[in-house]
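Okay, structure first, notes after.
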Amino acid sequence: MATAERLMPAGEPVLRLTAMAADANPYGTIFVGWLMGQMALAAGSVASRHSGARAPVVAADGFTFTAPVQVGDEVSVHAAIVATGRTSMTVAVEIVRRDRHGEHTERAAQGRFVLVAMAEDGPKALNSDVQTSDIKPLLEGNPSV
């Protein structure tokens with residue numbers, strides 16, 4: 001397992017947000033449902049860009065929440081396509097939190113989404129040439145990269 005303190009994954013995040021008090025749970029940390037929603041938005045952005053089409057989420061799994069996100073933390077959402085089918089894309093997503101007033105970062109969440117490219121009349125076949133990013137090894141649990 002990766003250590004809690006780590007560098008940000010290579011490449012720019014798909015989304016970067018500030019965690020706000022309105023998204024906190026009764027314990028004062030950010031609600032995991034909000035984190036999952038941001039992860040789904042990032043997966044959808046990557047999948048839509050790759051497919052050139054609407055790409056709704058059809059499945060989600062493998063979620064782990066490894067560090068609490070505090071109100072005010074910067075939340076970076078990284079995403080990469082890690083597999084494709086004829087019409088589907090599996091997108092691995094990772095959230096990295098950064099202390100609001102410092103440089104300490106740690107992985108807060110990770111998971112996978114399956115999305116399907118959709119044309120007006122149904123599923124759309126994908127171009128089989130998938131470009132993945134440097135985040136792929138990190139999302140697959142290999143912290144040595």
Side-chain angles (χ1 to χ4, degrees), residues 1-25 29-100 103-145:
M1 179 175 269
T3 59
E5 187 168 350
R6 54 198 293 269
L7 298 174
M8 297 280 273
E12 289 296 314
V14 176
L15 300 173
R16 184 172 286 150
L17 314 122
T18 299
M20 302 299 287
D23 303 310
N25 62 31
T29 57
I30 299 303
F31 178 57
V32 298
W34 182 82
L35 295 175
M36 289 177 74
Q38 302 311 312
M39 294 168 80
L41 288 171
S45 178
V46 169
S48 291
R49 185 182 297 158
H50 175 74
S51 67
R54 188 169 64 91
V57 172
V58 297
D61 69 6
F63 287 93
T64 58
F65 300 92
T66 54
V69 175
Q70 304 295 326
V71 171
D73 281 354
E74 179 183 273
V75 175
S76 296
V77 188
H78 297 265
I81 295 173
V82 295
T84 61
R86 191 178 70 77
T87 62
S88 67
M89 297 153 281
T90 301
V91 180
V93 183
E94 177 181 69
I95 287 184
V96 176
R97 61 164 293 280
R98 182 185 62 80
D99 293 337
R100 177 108 181 134
E103 297 303 318
H104 173 77
T105 62
E106 62 187 323
R107 179 188 294 157
Q110 65 181 21
R112 290 177 182 255
F113 292 86
V114 177
L115 302 96
V116 173
M118 297 296 291
E120 291 292 323
D121 59 347
K124 175 188 173 193
L126 298 173
N127 174 350
S128 62
D129 182 30
V130 177
Q131 299 293 319
T132 59
S133 71
D134 293 338
I135 190 177
K136 184 177 176 183
L138 292 170
L139 293 169
E140 292 177 339
N142 181 1
S144 64
V145 175

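- Minimum interatomic distance between Lys124 and Ala119 (heavy atoms only, all atoms of both residues): CB-N, 3.9 Å.
- In the model, Ser76 has a side-chain atom that pairs as donor or acceptor with a side-chain atom of Arg16 under 3.5 Å.
- Between Gly44 and Leu115 the shortest heavy-atom distance is CA-CD2, 3.7 Å.
- Remark: Asp61 does not engage Arg112 in a salt bridge, criterion side-chain N to carboxylate O under 4.0 Å.
- The nearest pair of heavy atoms linking Leu126 to His50 is CD2-CD2, 4.4 Å.
- Formation of a donor-acceptor pair under 3.5 Å by the Ser48 side chain with backbone atoms of Ala53 is found in this model.
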Test side-chain contact (heavy atoms from CB on, under 4.5 Å) on Ile30 and Asn25; report intermediate values, then the result. CA-CA 6 Å; Ile30 299 303; Asn25 62 31; over 6 Å; no
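- The side-chain heavy atoms of His104 and Arg98, taken from C-beta on, include no pair separated by under 4.5 Å.
- Residues Val91 and Ile81 come closest through the heavy atom pair CG2-CG1, 4.1 Å.
- To the nearest 0.5 Å, the span separating CD on Glu106 from CG on Asp99 amounts to 7.5 Å.
- Inter-residue side-chain proximity for Val14 and Val46 is flagged as met; some heavy-atom pair is nearer than 4.5 Å.
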Check against side-chain contact (heavy atoms from CB on, under 4.5 Å), Met39 and Phe113: CA-CA 9 Å; Met39 294 168 80; Phe113 292 86; 3.6 Å; yes
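- Contact detail for Pro68 and Arg97: the closest heavy-atom pair is O-CD, 3.2 Å.
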Using the side-chain contact (heavy atoms from CB on, under 4.5 Å) rule, take Val57 and Val114 through it: C-alpha gap first, then chi angles, then the decisive distance, then the call. CA-CA 6 Å; Val57 172; Val114 177; over 6 Å; no
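- Taking CZ from Phe63 and CG from Leu35, the interatomic distance works out to 10.5 Å, rounded to the nearest 0.5 Å.
- Within the 4.5 Å cutoff, no side-chain heavy atoms of Met20 are placed close to those of Trp34.
- Other residues, nucleotides and ligands contribute at most 12 non-hydrogen atoms within 6.0 Å of the CZ atom of Phe31.
- Put simply, the side chain of Val75 reaches to within 4.5 Å of the side chain of Val69, judged on heavy atoms.
- Proximity of a side-chain donor or acceptor of Ser45 to a complementary backbone N or O of Leu41 within less than 3.5 Å is not detected.
- Taken to the nearest 0.5 Å, the OG1 atom of Thr18 stands 5.0 Å off from the CZ atom of Arg100.
- Between the side chain of Thr87 and the backbone N or O of Ala125 there is no donor-acceptor pair closer than 3.5 Å.
- Under the 4.0 Å criterion applied to side-chain N and carboxylate O atoms, Glu94 and Arg107 are assigned as salt-bridge partners.
- Contact between Val71 and Ala24 at its shortest, heavy atoms only, is CG2-CB, 4.1 Å.
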